[in-house]
Amino acid sequence: MTNNPSSNSDNDHALIRRLQSGDTAAFEPLTKKYWHQVHFVCLKYLRDVELASDAAQETFVSAFTGISSFDLARDFRPWLLKIAVNKSIRLIKKDQKHRTLAREFQPTKPSSSNPSEVFADKQLIDDCLARLEFDEQILFVLRHGLDLAYDEMALILEKPVGSVKGELFRARRKLKEMLENVQGKEVETVGREEMQ
Amino acid sequence: MAEKKCNKPELLQEYLDSHESHELKVELDRHLAECEVCRIEFASYQKLFQSLDETLKPPVVKPVSEQLGKIRVALGSQRVSTVKNLESNLEGFLAAFAKPFALAFTILLIAGLAAILFRNRPTESVLPDKMPSMAQTALNLEKNTVEIILPGPKNSLLIDGKNENLDKLKTFAGNRVYELPAGAAMFVYTGQSRIKLSDSAKFCINANNFELLQGRAEFKLIGKHDDFKLLTEFAQVQVLGTVFSALKSKDQLFLRLEQGKISIKTADGSVMMLSRPGQSCKIDADGRFVDSGEPDKPGKTTSWPVKNEEKPVDHSPETKGDSGRKLENSF
(Lines give C-alpha, C1' and ligand atoms only; values in the text may rest on other atoms or scores of the structure.)
Protein backbone atom coordinates (compact mmCIF):
# COMPACT_ATOMS: atom_id res chain seq x y z
CA MET A 1 0.00 0.00 0.00
CA THR A 2 1.17 3.58 -0.55
CA ASN A 3 2.68 5.14 2.53
CA ASN A 4 0.04 7.78 3.02
CA PRO A 5 -3.11 6.69 1.23
CA SER A 6 -5.20 9.59 2.52
CA SER A 7 -2.96 12.41 1.25
CA ASN A 8 -2.26 10.44 -1.92
CA SER A 9 -5.98 10.31 -2.64
CA ASP A 10 -6.34 14.02 -1.80
CA ASN A 11 -3.62 14.89 -4.31
CA ASP A 12 -5.35 12.88 -7.01
CA HIS A 13 -8.70 14.47 -6.26
CA ALA A 14 -7.25 17.98 -6.42
CA LEU A 15 -5.95 17.24 -9.91
CA ILE A 16 -9.23 15.62 -10.93
CA ARG A 17 -11.19 18.65 -9.75
CA ARG A 18 -8.99 20.81 -11.95
CA LEU A 19 -9.66 18.53 -14.91
CA GLN A 20 -13.38 18.54 -14.23
CA SER A 21 -13.38 22.33 -14.22
CA GLY A 22 -11.66 22.39 -17.63
CA ASP A 23 -7.99 22.70 -16.71
CA THR A 24 -6.69 20.03 -19.11
CA ALA A 25 -3.07 20.63 -18.03
CA ALA A 26 -3.85 18.62 -14.90
CA PHE A 27 -3.84 15.43 -16.97
CA GLU A 28 -0.05 15.35 -17.14
CA PRO A 29 0.85 14.85 -13.47
CA LEU A 30 -1.82 12.16 -13.15
CA THR A 31 -0.55 10.40 -16.25
CA LYS A 32 3.04 10.48 -15.08
CA LYS A 33 2.07 9.17 -11.67
CA TYR A 34 0.08 6.15 -12.86
CA TRP A 35 1.56 5.37 -16.24
CA HIS A 36 3.81 2.54 -15.02
CA GLN A 37 0.96 0.78 -13.21
CA VAL A 38 -1.44 1.08 -16.14
CA HIS A 39 1.28 0.01 -18.56
CA PHE A 40 2.13 -2.94 -16.31
CA VAL A 41 -1.44 -4.21 -16.25
CA CYS A 42 -1.81 -3.81 -20.01
CA LEU A 43 1.49 -5.60 -20.56
CA LYS A 44 0.43 -8.53 -18.41
CA TYR A 45 -2.74 -8.88 -20.45
CA LEU A 46 -1.33 -8.19 -23.87
CA ARG A 47 2.27 -9.48 -23.56
CA ASP A 48 3.43 -7.01 -26.18
CA VAL A 49 5.20 -3.79 -25.26
CA GLU A 50 3.92 -1.79 -28.19
CA LEU A 51 0.31 -2.92 -27.74
CA ALA A 52 0.60 -2.25 -24.02
CA SER A 53 1.79 1.31 -24.68
CA ASP A 54 -1.10 1.92 -27.06
CA ALA A 55 -3.57 0.43 -24.59
CA ALA A 56 -2.13 2.54 -21.77
CA GLN A 57 -2.45 5.68 -23.87
CA GLU A 58 -6.08 4.82 -24.75
CA THR A 59 -6.76 4.16 -21.08
CA PHE A 60 -5.73 7.66 -20.09
CA VAL A 61 -7.60 9.24 -22.97
CA SER A 62 -10.78 7.39 -21.94
CA ALA A 63 -10.28 8.23 -18.29
CA PHE A 64 -9.76 11.92 -18.90
CA THR A 65 -12.47 12.37 -21.51
CA GLY A 66 -14.91 10.73 -19.09
CA ILE A 67 -13.51 12.46 -16.00
CA SER A 68 -16.60 14.57 -15.42
CA SER A 69 -18.47 11.41 -14.47
CA PHE A 70 -15.82 10.41 -11.90
CA ASP A 71 -17.21 10.41 -8.37
CA LEU A 72 -14.75 12.13 -6.04
CA ALA A 73 -15.97 9.95 -3.18
CA ARG A 74 -14.01 7.04 -4.69
CA ASP A 75 -10.34 6.35 -5.30
CA PHE A 76 -8.92 7.18 -8.69
CA ARG A 77 -6.39 4.35 -9.02
CA PRO A 78 -8.74 1.31 -9.04
CA TRP A 79 -11.13 3.19 -11.36
CA LEU A 80 -8.27 3.90 -13.75
CA LEU A 81 -6.97 0.33 -13.61
CA LYS A 82 -10.44 -0.99 -14.36
CA ILE A 83 -10.45 1.04 -17.56
CA ALA A 84 -7.01 -0.41 -18.38
CA VAL A 85 -8.23 -3.97 -17.85
CA ASN A 86 -11.32 -3.40 -19.99
CA LYS A 87 -9.24 -1.86 -22.79
CA SER A 88 -6.80 -4.77 -22.67
CA ILE A 89 -9.54 -7.39 -22.69
CA ARG A 90 -11.08 -5.76 -25.73
CA LEU A 91 -7.74 -5.91 -27.51
CA ILE A 92 -7.23 -9.53 -26.48
CA LYS A 93 -10.56 -10.51 -28.01
CA LYS A 94 -9.32 -9.14 -31.30
CA ASP A 95 -6.19 -11.24 -31.13
CA GLN A 96 -6.73 -14.76 -29.78
CA LYS A 97 -3.04 -15.71 -29.73
CA HIS A 98 -2.58 -14.02 -26.37
CA ARG A 99 -4.77 -16.63 -24.75
CA THR A 100 -2.34 -19.45 -25.49
CA LEU A 101 0.85 -17.93 -24.13
CA ALA A 102 0.10 -19.03 -20.56
CA ARG A 103 0.97 -22.60 -21.40
CA GLU A 104 4.13 -22.13 -23.41
CA PHE A 105 6.70 -21.85 -20.65
CA GLN A 106 8.60 -24.69 -19.01
CA PRO A 107 9.87 -24.13 -15.48
CA THR A 108 13.61 -23.90 -15.01
CA LYS A 109 15.30 -26.01 -12.40
CA PRO A 110 15.48 -24.54 -8.93
CA SER A 111 18.69 -22.65 -8.34
CA SER A 112 19.11 -24.32 -4.97
CA SER A 113 18.47 -27.87 -3.83
CA ASN A 114 17.50 -26.62 -0.38
CA PRO A 115 13.73 -27.16 -0.12
CA SER A 116 13.22 -24.06 1.98
CA GLU A 117 14.83 -21.85 -0.68
CA VAL A 118 12.42 -22.75 -3.48
CA PHE A 119 9.96 -20.07 -2.33
CA ALA A 120 12.70 -17.45 -2.59
CA ASP A 121 13.69 -18.48 -6.14
CA LYS A 122 12.24 -15.61 -8.15
CA GLN A 123 13.05 -17.02 -11.58
CA LEU A 124 11.36 -20.30 -10.70
CA ILE A 125 8.36 -18.45 -9.29
CA ASP A 126 8.12 -16.39 -12.45
CA ASP A 127 8.19 -19.52 -14.59
CA CYS A 128 5.56 -21.25 -12.47
CA LEU A 129 3.34 -18.13 -12.56
CA ALA A 130 3.46 -18.29 -16.33
CA ARG A 131 2.02 -21.80 -16.19
CA LEU A 132 -1.04 -20.73 -14.25
CA GLU A 133 -4.34 -19.91 -15.87
CA PHE A 134 -4.48 -16.38 -17.22
CA ASP A 135 -7.14 -15.26 -14.73
CA GLU A 136 -5.01 -16.58 -11.87
CA GLN A 137 -1.98 -14.67 -13.10
CA ILE A 138 -3.95 -11.46 -13.14
CA LEU A 139 -4.92 -11.96 -9.49
CA PHE A 140 -1.24 -12.06 -8.58
CA VAL A 141 -0.50 -8.99 -10.69
CA LEU A 142 -3.20 -6.95 -8.99
CA ARG A 143 -2.52 -8.15 -5.46
CA HIS A 144 1.27 -8.45 -5.36
CA GLY A 145 2.35 -6.29 -8.25
CA LEU A 146 0.03 -3.36 -7.64
CA ASP A 147 -0.72 -3.92 -3.95
CA LEU A 148 -4.47 -3.60 -4.40
CA ALA A 149 -6.88 -4.52 -1.63
CA TYR A 150 -9.48 -7.24 -2.13
CA ASP A 151 -12.32 -4.75 -2.62
CA GLU A 152 -10.29 -2.80 -5.18
CA MET A 153 -9.55 -6.01 -7.06
CA ALA A 154 -13.24 -6.89 -6.93
CA LEU A 155 -14.12 -3.53 -8.48
CA ILE A 156 -11.59 -3.95 -11.27
CA LEU A 157 -12.48 -7.56 -12.05
CA GLU A 158 -16.22 -6.97 -11.56
CA LYS A 159 -16.55 -9.87 -9.15
CA PRO A 160 -17.73 -10.16 -5.54
CA VAL A 161 -15.03 -9.68 -2.92
CA GLY A 162 -15.58 -13.20 -1.60
CA SER A 163 -14.95 -14.68 -5.04
CA VAL A 164 -11.77 -12.69 -5.49
CA LYS A 165 -10.40 -13.82 -2.12
CA GLY A 166 -11.31 -17.44 -2.74
CA GLU A 167 -9.77 -17.49 -6.20
CA LEU A 168 -6.62 -15.73 -5.01
CA PHE A 169 -6.12 -18.11 -2.09
CA ARG A 170 -6.64 -21.16 -4.30
CA ALA A 171 -4.24 -19.79 -6.91
CA ARG A 172 -1.57 -19.29 -4.25
CA ARG A 173 -2.00 -22.84 -2.97
CA LYS A 174 -1.73 -24.07 -6.53
CA LEU A 175 1.47 -22.07 -7.07
CA LYS A 176 2.91 -23.34 -3.82
CA GLU A 177 2.19 -26.94 -4.80
CA MET A 178 3.79 -26.38 -8.21
CA LEU A 179 6.93 -25.09 -6.54
CA GLU A 180 6.97 -27.97 -4.08
CA ASN A 181 6.51 -30.48 -6.91
CA VAL A 182 9.38 -28.98 -8.89
CA GLN A 183 11.53 -29.18 -5.79
CA GLY A 184 10.45 -32.78 -5.19
CA LYS A 185 11.41 -33.85 -8.73
CA GLU A 186 14.81 -32.18 -8.41
CA VAL A 187 15.53 -33.97 -5.16
CA GLU A 188 14.49 -37.30 -6.73
CA THR A 189 16.73 -36.71 -9.75
CA VAL A 190 19.68 -35.86 -7.56
CA GLY A 191 19.03 -38.99 -5.51
CA ARG A 192 19.02 -41.17 -8.67
CA GLU A 193 22.25 -39.68 -9.93
CA GLU A 194 23.91 -40.39 -6.61
CA MET A 195 22.83 -44.02 -6.76
CA GLN A 196 24.43 -44.66 -10.14
CA MET B 1 -2.91 -42.04 11.29
CA ALA B 2 -5.41 -39.43 10.18
CA GLU B 3 -3.96 -36.54 8.24
CA LYS B 4 -4.03 -33.34 10.26
CA LYS B 5 -6.18 -30.61 8.77
CA CYS B 6 -6.44 -26.94 9.52
CA ASN B 7 -9.82 -25.49 10.48
CA LYS B 8 -8.81 -21.98 9.36
CA PRO B 9 -6.96 -22.51 6.09
CA GLU B 10 -7.43 -18.91 4.92
CA LEU B 11 -6.11 -17.18 8.01
CA LEU B 12 -2.43 -17.34 7.06
CA GLN B 13 -2.99 -15.70 3.70
CA GLU B 14 -5.43 -13.12 5.07
CA TYR B 15 -2.90 -12.08 7.67
CA LEU B 16 -0.06 -11.82 5.16
CA ASP B 17 -2.29 -9.78 2.82
CA SER B 18 -3.26 -7.43 5.62
CA HIS B 19 0.20 -5.90 6.01
CA GLU B 20 0.39 -7.23 9.54
CA SER B 21 -2.95 -6.13 10.90
CA HIS B 22 -2.84 -6.24 14.68
CA GLU B 23 -6.23 -7.94 15.03
CA LEU B 24 -5.33 -10.67 12.58
CA LYS B 25 -1.94 -11.08 14.26
CA VAL B 26 -3.61 -11.84 17.57
CA GLU B 27 -5.93 -14.33 15.93
CA LEU B 28 -3.09 -15.91 13.99
CA ASP B 29 -0.85 -16.33 17.05
CA ARG B 30 -3.70 -18.05 18.84
CA HIS B 31 -4.28 -20.33 15.87
CA LEU B 32 -0.60 -21.18 15.34
CA ALA B 33 -0.39 -22.32 18.94
CA GLU B 34 -3.02 -24.98 18.11
CA CYS B 35 -2.42 -25.83 14.44
CA GLU B 36 0.66 -27.79 13.44
CA VAL B 37 -0.22 -27.56 9.70
CA CYS B 38 -0.13 -23.78 9.74
CA ARG B 39 3.01 -23.69 11.84
CA ILE B 40 4.76 -25.66 9.09
CA GLU B 41 3.21 -23.64 6.28
CA PHE B 42 3.66 -20.16 7.72
CA ALA B 43 7.36 -19.75 6.95
CA SER B 44 6.83 -21.00 3.37
CA TYR B 45 3.99 -18.60 2.75
CA GLN B 46 5.96 -15.70 4.21
CA LYS B 47 8.81 -16.33 1.78
CA LEU B 48 6.43 -16.87 -1.10
CA PHE B 49 4.61 -13.58 -0.46
CA GLN B 50 7.88 -11.69 -0.27
CA SER B 51 9.12 -13.24 -3.51
CA LEU B 52 5.85 -12.51 -5.28
CA ASP B 53 5.93 -8.86 -4.19
CA GLU B 54 9.48 -8.50 -5.50
CA THR B 55 8.96 -10.50 -8.70
CA LEU B 56 5.79 -8.73 -9.70
CA LYS B 57 6.74 -5.18 -8.79
CA PRO B 58 6.06 -3.06 -11.88
CA PRO B 59 9.18 -1.64 -13.52
CA VAL B 60 9.40 2.13 -13.49
CA VAL B 61 8.25 3.09 -16.97
CA LYS B 62 7.50 6.70 -17.75
CA PRO B 63 5.40 8.03 -20.60
CA VAL B 64 7.44 9.60 -23.35
CA SER B 65 6.69 13.07 -24.70
CA GLU B 66 5.02 11.63 -27.78
CA GLN B 67 2.54 9.65 -25.68
CA LEU B 68 1.76 12.65 -23.48
CA GLY B 69 1.34 14.70 -26.61
CA LYS B 70 -1.18 12.28 -28.07
CA ILE B 71 -3.24 12.33 -24.88
CA ARG B 72 -3.09 16.12 -24.83
CA VAL B 73 -4.22 16.30 -28.44
CA ALA B 74 -7.09 13.86 -27.83
CA LEU B 75 -8.30 15.92 -24.89
CA GLY B 76 -7.96 19.17 -26.75
CA SER B 77 -9.63 17.98 -29.96
CA GLN B 78 -12.69 16.72 -28.14
CA ARG B 79 -13.30 20.08 -26.53
CA VAL B 80 -12.57 21.94 -29.76
CA SER B 81 -14.78 19.83 -32.05
CA THR B 82 -17.79 20.25 -29.79
CA VAL B 83 -17.34 23.99 -29.58
CA LYS B 84 -16.51 24.31 -33.30
CA ASN B 85 -19.69 22.51 -34.45
CA LEU B 86 -21.80 24.83 -32.39
CA GLU B 87 -19.86 27.94 -33.39
CA SER B 88 -19.80 27.22 -37.10
CA ASN B 89 -23.54 26.55 -37.26
CA LEU B 90 -24.36 29.66 -35.31
CA GLU B 91 -21.97 31.77 -37.36
CA GLY B 92 -23.70 30.64 -40.54
CA PHE B 93 -27.08 31.75 -39.32
CA LEU B 94 -25.95 35.01 -37.80
CA ALA B 95 -23.96 35.99 -40.86
CA ALA B 96 -26.96 35.52 -43.16
CA PHE B 97 -29.69 37.04 -41.03
CA ALA B 98 -30.19 39.63 -38.35
CA LYS B 99 -30.10 38.15 -34.87
CA PRO B 100 -33.81 38.31 -34.01
CA PHE B 101 -34.73 36.84 -37.37
CA ALA B 102 -32.14 34.07 -36.96
CA LEU B 103 -33.50 33.26 -33.52
CA ALA B 104 -37.08 33.07 -34.81
CA PHE B 105 -35.93 30.92 -37.72
CA THR B 106 -34.07 28.58 -35.39
CA ILE B 107 -37.06 28.17 -33.12
CA LEU B 108 -39.26 27.41 -36.13
CA LEU B 109 -36.67 24.93 -37.42
CA ILE B 110 -36.59 23.03 -34.14
CA ALA B 111 -40.39 23.08 -33.87
CA GLY B 112 -40.68 21.87 -37.47
CA LEU B 113 -38.18 19.07 -36.92
CA ALA B 114 -39.95 18.02 -33.74
CA ALA B 115 -43.30 17.94 -35.58
CA ILE B 116 -41.82 15.80 -38.35
CA LEU B 117 -40.03 13.41 -36.04
CA PHE B 118 -42.80 12.92 -33.50
CA ARG B 119 -45.68 12.60 -35.95
CA ASN B 120 -47.15 9.11 -36.01
CA ARG B 121 -45.70 7.54 -39.18
CA PRO B 122 -44.88 3.95 -38.29
CA THR B 123 -44.10 2.92 -41.86
CA GLU B 124 -41.18 5.32 -42.25
CA SER B 125 -37.79 5.33 -40.65
CA VAL B 126 -37.62 8.18 -38.19
CA LEU B 127 -33.84 8.45 -38.23
CA PRO B 128 -32.93 11.71 -39.98
CA ASP B 129 -29.80 11.77 -42.14
CA LYS B 130 -28.79 15.23 -41.06
CA MET B 131 -28.33 16.46 -37.53
CA PRO B 132 -30.51 19.36 -36.45
CA SER B 133 -28.40 22.48 -36.43
CA MET B 134 -28.58 23.33 -32.74
CA ALA B 135 -26.14 20.77 -31.47
CA GLN B 136 -25.47 21.01 -27.77
CA THR B 137 -22.92 18.60 -26.26
CA ALA B 138 -21.54 15.38 -27.79
CA LEU B 139 -22.51 11.77 -26.88
CA ASN B 140 -20.24 9.13 -28.24
CA LEU B 141 -21.14 5.58 -27.20
CA GLU B 142 -17.51 4.57 -26.85
CA LYS B 143 -16.25 7.79 -25.31
CA ASN B 144 -19.51 8.43 -23.52
CA THR B 145 -20.28 12.13 -24.02
CA VAL B 146 -23.62 13.64 -25.07
CA GLU B 147 -23.94 14.93 -28.66
CA ILE B 148 -27.47 16.16 -29.22
CA ILE B 149 -30.77 16.35 -27.45
CA LEU B 150 -34.19 17.29 -28.76
CA PRO B 151 -36.04 18.44 -25.67
CA GLY B 152 -39.62 17.53 -24.92
CA PRO B 153 -41.89 19.21 -22.42
CA LYS B 154 -39.09 19.40 -19.87
CA ASN B 155 -35.41 19.73 -20.60
CA SER B 156 -34.48 17.09 -18.06
CA LEU B 157 -33.60 13.45 -17.46
CA LEU B 158 -34.31 11.19 -14.53
CA ILE B 159 -31.02 9.72 -13.33
CA ASP B 160 -31.41 6.91 -10.79
CA GLY B 161 -34.71 8.46 -9.84
CA LYS B 162 -33.46 12.04 -9.50
CA ASN B 163 -34.35 14.88 -11.86
CA GLU B 164 -31.29 16.32 -13.63
CA ASN B 165 -31.20 19.26 -16.00
CA LEU B 166 -30.03 18.18 -19.47
CA ASP B 167 -28.05 21.39 -19.95
CA LYS B 168 -25.72 20.39 -17.13
CA LEU B 169 -25.26 16.80 -18.27
CA LYS B 170 -21.82 16.36 -19.75
CA THR B 171 -21.45 12.59 -19.93
CA PHE B 172 -23.39 9.41 -19.41
CA ALA B 173 -21.93 7.31 -16.60
CA GLY B 174 -21.82 3.56 -17.18
CA ASN B 175 -24.29 1.37 -15.24
CA ARG B 176 -26.56 4.31 -14.32
CA VAL B 177 -30.22 4.31 -15.25
CA TYR B 178 -31.51 7.29 -17.24
CA GLU B 179 -35.13 7.97 -18.17
CA LEU B 180 -36.49 10.41 -20.72
CA PRO B 181 -39.56 12.43 -19.79
CA ALA B 182 -42.68 11.76 -21.83
CA GLY B 183 -42.60 13.56 -25.16
CA ALA B 184 -38.82 13.92 -25.25
CA ALA B 185 -36.44 12.34 -27.75
CA MET B 186 -32.72 11.98 -27.63
CA PHE B 187 -30.13 11.15 -30.26
CA VAL B 188 -26.93 9.35 -29.40
CA TYR B 189 -24.24 9.83 -32.03
CA THR B 190 -20.96 8.02 -32.43
CA GLY B 191 -19.27 8.80 -35.73
CA GLN B 192 -21.90 8.06 -38.38
CA SER B 193 -23.82 5.68 -36.16
CA ARG B 194 -26.80 6.81 -34.16
CA ILE B 195 -29.43 5.73 -31.71
CA LYS B 196 -32.73 7.51 -31.28
CA LEU B 197 -34.47 7.21 -27.92
CA SER B 198 -38.12 8.06 -27.37
CA ASP B 199 -41.35 6.93 -25.72
CA SER B 200 -40.09 7.55 -22.18
CA ALA B 201 -37.07 5.39 -22.86
CA LYS B 202 -35.31 4.08 -19.77
CA PHE B 203 -31.75 2.94 -20.44
CA CYS B 204 -28.13 2.43 -19.42
CA ILE B 205 -25.23 3.25 -21.69
CA ASN B 206 -21.88 1.50 -21.30
CA ALA B 207 -18.82 1.48 -23.53
CA ASN B 208 -19.97 -1.35 -25.78
CA ASN B 209 -23.47 -2.22 -24.78
CA PHE B 210 -26.78 -0.45 -24.49
CA GLU B 211 -29.42 -1.68 -22.07
CA LEU B 212 -33.03 -0.84 -22.82
CA LEU B 213 -35.30 -1.15 -19.79
CA GLN B 214 -38.40 0.34 -21.35
CA GLY B 215 -39.48 2.51 -24.27
CA ARG B 216 -38.18 2.80 -27.80
CA ALA B 217 -34.66 2.77 -29.18
CA GLU B 218 -33.89 2.90 -32.89
CA PHE B 219 -30.43 1.96 -34.07
CA LYS B 220 -28.44 2.81 -37.14
CA LEU B 221 -24.94 1.46 -36.67
CA ILE B 222 -22.41 1.97 -39.42
CA GLY B 223 -18.97 0.42 -39.54
CA LYS B 224 -17.47 -2.13 -37.20
CA HIS B 225 -19.45 -2.78 -34.03
CA ASP B 226 -18.37 -6.33 -33.20
CA ASP B 227 -18.62 -5.76 -29.47
CA PHE B 228 -21.85 -3.78 -29.41
CA LYS B 229 -24.86 -5.44 -27.83
CA LEU B 230 -28.36 -4.30 -27.04
CA LEU B 231 -29.30 -5.81 -23.68
CA THR B 232 -32.85 -6.21 -22.45
CA GLU B 233 -34.49 -8.24 -19.73
CA PHE B 234 -35.78 -10.83 -22.23
CA ALA B 235 -33.04 -11.04 -24.82
CA GLN B 236 -29.75 -9.69 -26.03
CA VAL B 237 -29.13 -8.51 -29.55
CA GLN B 238 -25.78 -8.74 -31.30
CA VAL B 239 -25.25 -6.13 -33.97
CA LEU B 240 -23.98 -7.30 -37.35
CA GLY B 241 -24.03 -4.01 -39.26
CA THR B 242 -27.52 -2.76 -39.12
CA VAL B 243 -30.53 -0.48 -38.80
CA PHE B 244 -33.14 -1.80 -36.41
CA SER B 245 -35.64 -0.81 -33.72
CA ALA B 246 -36.43 -2.18 -30.30
CA LEU B 247 -39.59 -1.53 -28.31
CA LYS B 248 -39.57 -2.83 -24.79
CA SER B 249 -42.62 -3.00 -22.57
CA LYS B 250 -43.18 -4.59 -19.19
CA ASP B 251 -43.83 -8.06 -20.61
CA GLN B 252 -42.64 -8.01 -24.20
CA LEU B 253 -39.79 -7.01 -26.46
CA PHE B 254 -40.52 -6.16 -30.08
CA LEU B 255 -37.66 -6.03 -32.60
CA ARG B 256 -37.86 -4.89 -36.18
CA LEU B 257 -35.06 -4.95 -38.73
CA GLU B 258 -34.77 -2.20 -41.32
CA GLN B 259 -31.42 -3.06 -42.86
CA GLY B 260 -28.52 -5.46 -42.36
CA LYS B 261 -28.75 -8.30 -39.84
CA ILE B 262 -29.17 -8.84 -36.13
CA SER B 263 -28.71 -11.95 -34.04
CA ILE B 264 -30.98 -12.38 -31.01
CA LYS B 265 -30.35 -14.63 -28.04
CA THR B 266 -33.23 -14.85 -25.61
CA ALA B 267 -33.22 -15.39 -21.88
CA ASP B 268 -34.22 -19.04 -22.40
CA GLY B 269 -31.26 -19.63 -24.72
CA SER B 270 -33.05 -19.58 -28.09
CA VAL B 271 -31.24 -17.91 -30.94
CA MET B 272 -32.75 -16.23 -33.97
CA MET B 273 -31.42 -14.08 -36.75
CA LEU B 274 -33.32 -11.36 -38.57
CA SER B 275 -31.84 -10.88 -42.00
CA ARG B 276 -34.54 -9.41 -44.27
CA PRO B 277 -35.59 -5.77 -44.19
CA GLY B 278 -38.96 -5.40 -42.49
CA GLN B 279 -38.62 -8.66 -40.61
CA SER B 280 -39.63 -8.49 -36.96
CA CYS B 281 -40.12 -10.66 -33.90
CA LYS B 282 -41.62 -10.55 -30.43
CA ILE B 283 -40.14 -12.04 -27.30
CA ASP B 284 -42.15 -12.55 -24.14
CA ALA B 285 -41.19 -12.13 -20.51
CA ASP B 286 -39.98 -15.75 -20.32
CA GLY B 287 -37.53 -15.09 -23.12
CA ARG B 288 -39.49 -17.08 -25.72
CA PHE B 289 -40.10 -16.06 -29.28
CA VAL B 290 -43.85 -15.41 -29.50
CA ASP B 291 -44.20 -14.39 -33.12
CA SER B 292 -41.89 -14.03 -36.08
CA GLY B 293 -42.99 -11.24 -38.39
CA GLU B 294 -42.46 -11.57 -42.11
CA PRO B 295 -41.27 -8.66 -44.24
CA ASP B 296 -44.03 -6.23 -45.07
CA LYS B 297 -45.32 -6.09 -48.60
CA PRO B 298 -44.88 -2.73 -50.31
CA GLY B 299 -47.47 -0.25 -49.08
CA LYS B 300 -48.51 -2.36 -46.08
CA THR B 301 -48.31 -0.77 -42.64
CA THR B 302 -45.67 -2.10 -40.33
CA SER B 303 -46.36 -4.38 -37.41
CA TRP B 304 -45.42 -1.73 -34.85
CA PRO B 305 -48.19 -1.23 -32.26
CA VAL B 306 -50.58 1.49 -33.43
CA LYS B 307 -50.19 4.79 -31.68
CA ASN B 308 -53.28 6.77 -30.72
CA GLU B 309 -53.05 10.10 -32.50
CA GLU B 310 -53.27 13.43 -30.68
CA LYS B 311 -54.17 11.91 -27.37
CA PRO B 312 -52.51 13.04 -24.18
CA VAL B 313 -50.62 10.45 -22.20
CA ASP B 314 -53.12 8.30 -20.30
CA HIS B 315 -51.71 6.09 -17.60
CA SER B 316 -55.01 4.51 -16.60
CA PRO B 317 -55.13 0.70 -16.84
CA GLU B 318 -57.89 0.84 -19.50
CA THR B 319 -55.73 2.54 -22.10
CA LYS B 320 -55.22 0.43 -25.20
CA GLY B 321 -53.07 0.63 -28.26
CA ASP B 322 -51.07 3.62 -27.08
CA SER B 323 -47.79 2.35 -28.39
CA GLY B 324 -44.70 3.78 -26.93
CA ARG B 325 -46.47 5.54 -24.09
CA LYS B 326 -48.44 2.86 -22.35
CA LEU B 327 -47.72 -0.61 -23.59
CA GLU B 328 -49.33 -2.98 -21.11
CA ASN B 329 -52.50 -3.41 -23.18
CA SER B 330 -51.21 -2.75 -26.63
CA PHE B 331 -50.33 -6.29 -27.78
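Below, each value reflects all heavy atoms present in this structure, side chains not excepted, and no hydrogens, waters or symmetry copies. The chains referred to below are lettered A, B, ... by the order of the sequence lines, with proteins before strands, and numbering in each begins at 1.
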Among the listed options A:Gly166, A:Ser53, A:Ala56, A:Gly145, the residue most often paired with chain B at heavy-atom distances under 4.5 Å: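 Of the options given, most contacts go to A:Gly145.
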Chain B contacts, top residue of A:Glu58, A:Gln37, A:His36, A:Arg172 (heavy-atom pairs, under 4.5 Å): A:Arg172
Evaluation steps, salt bridge (Lys or Arg N to Asp or Glu O under 4.0 Å), between A:Lys165 and B:Glu14: CA-CA 9 Å; A:Lys165 276 175 71 174; B:Glu14 280 207 54; 3.5 Å; yes
Check against side chain to side chain contact (heavy atoms under 4.5 Å, CB included), A:Arg77 and A:Leu80: CA-CA 5 Å; A:Arg77 187 171 76 123; A:Leu80 179 67; 5.7 Å; no
Considering only heavy atoms, which portion of [X] lies under 4.5 Å from any heavy atom of chain B: side chain, backbone, both, or neither?
X	answer
A:Tyr150	side chain
A:Arg143	side chain
A:Leu43	neither
A:Phe27	side chain

Between CZ on residue A:Arg47 and CD1 on residue A:Ile92, distance to nearest 0.5 Å: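 These two atoms lie 8.5 Å from each other.
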Under 4.5 Å from any heavy atom of chain A - which part of B:Gln50: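 Neither part, no heavy atoms under 4.5 Å.
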B:Gln46 portion near chain A, given a 4.5 angstrom heavy-atom threshold: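 For B:Gln46, there is no contact with chain A at all, as no heavy atom is under 4.5 Å.
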Selection from B:Gln67, B:Lys57, B:Glu41 maximising heavy-atom pairs under 4.5 Å formed with chain A: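 Heavy-atom pair counts peak at B:Gln67.
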Beyond-backbone contact of A:Ile67 with A:Phe70, side-chain heavy atoms, under 4.5 angstrom: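 Heavy-atom side-chain distance check passes, below 4.5 Å.
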A:Lys174 atom NZ: more than 12 heavy-atom contacts under 6.0 Å: yes
Donor-acceptor pair between A:Lys87 and A:Ser62 side chains, under 3.5 angstrom: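 Checked: A:Lys87/A:Ser62 side chains pair up, N/O donor to acceptor below 3.5 Å.
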Minimal non-hydrogen separation, B:Phe210 against B:Ala217, with atom names: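 So the minimum-distance heavy-atom pair works out to CE2-CB, 4.1 Å.
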